[in-house]
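Shown next, in structure tokens, is the structure this report addresses.
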Amino acid sequence: MMVTARRLDSAADEVRYAFGFEDRFDRVLIIDPHTLEARAEEGDFDGAASVITAKIVKMWRSSGEFPTRAMFAG
């Protein structure tokens, strides 16, 4: 499974990513930058949402910034 994400915007109260399989960015992930809690905009927080959230949070912890792009292949 390869899940990719690209940051749409980063506000004080949420960071939004378009994400999906391969280069199909057909879903939206919303991360609270204060708690790091995430949700899928359409409500279906499945395995794809979970693995890309983990990748984004790991990159944030490493650099202190939310990445503009992320990819998980597994």
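Phe45 and Val15 fall within a single hydrophobic cluster, where Ile, Leu, Val, Met, Phe, Trp and Tyr are joined by side-chain heavy atoms under 4.5 Å apart, directly or via other members. In the hydrophobic clustering of ILVMFWY residues, with side-chain heavy atoms under 4.5 Å counting as a link, Ile52 and Phe21 come out together. Side-chain heavy atoms closer than 4.5 Å link hydrophobic residues (I, L, V, M, F, W, Y) into clusters, and following such links, possibly through other members, connects Val57 to Tyr17.
Closest heavy-atom contact between Gly20 and Asp26: CA-OD1, 3.9 Å. Ala70 and Lys55 make their closest contact through CB-CG, 4.3 Å (heavy atoms, listed as atom of the first residue, atom of the second, distance). In this structure, Pro33 and Ala11 approach most closely via the heavy-atom pair CG-O, 4.3 Å. Across every non-hydrogen atom of Met59 and Arg69, the tightest pair is CE-O, 3.6 Å.
Side-chain N or O atoms of Arg27 include one that pairs as donor or acceptor with a backbone N or O of Asp44 at under 3.5 Å. No donor-acceptor pair closer than 3.5 Å links the side chain of Thr4 to the backbone N or O of Met71.
Taken from CG in Leu36 to CH2 in Trp60, the straight-line distance is 4.5 Å, to the nearest 0.5 Å. Separating the CG atom in Leu29 from the CZ atom in Phe19 is a distance of 5.5 Å, to the nearest 0.5 Å. Taking CE of Met2 as the reference point, atom CD of Glu22 lies at 4.0 Å (rounded to 0.5 Å). For the atom pair CG (Asp9) and CZ (Arg16), the distance works out to 6.0 Å, reported to the nearest 0.5 Å.
In this structure, Arg7 forms no cation-pi arrangement with Phe66, as its terminal cationic atom is not both closer than 6.0 Å to the ring centre and no more than 45° off the ring axis.
Remark: Arg39 does not engage Glu37 in a salt bridge, criterion side-chain N to carboxylate O under 4.0 Å.
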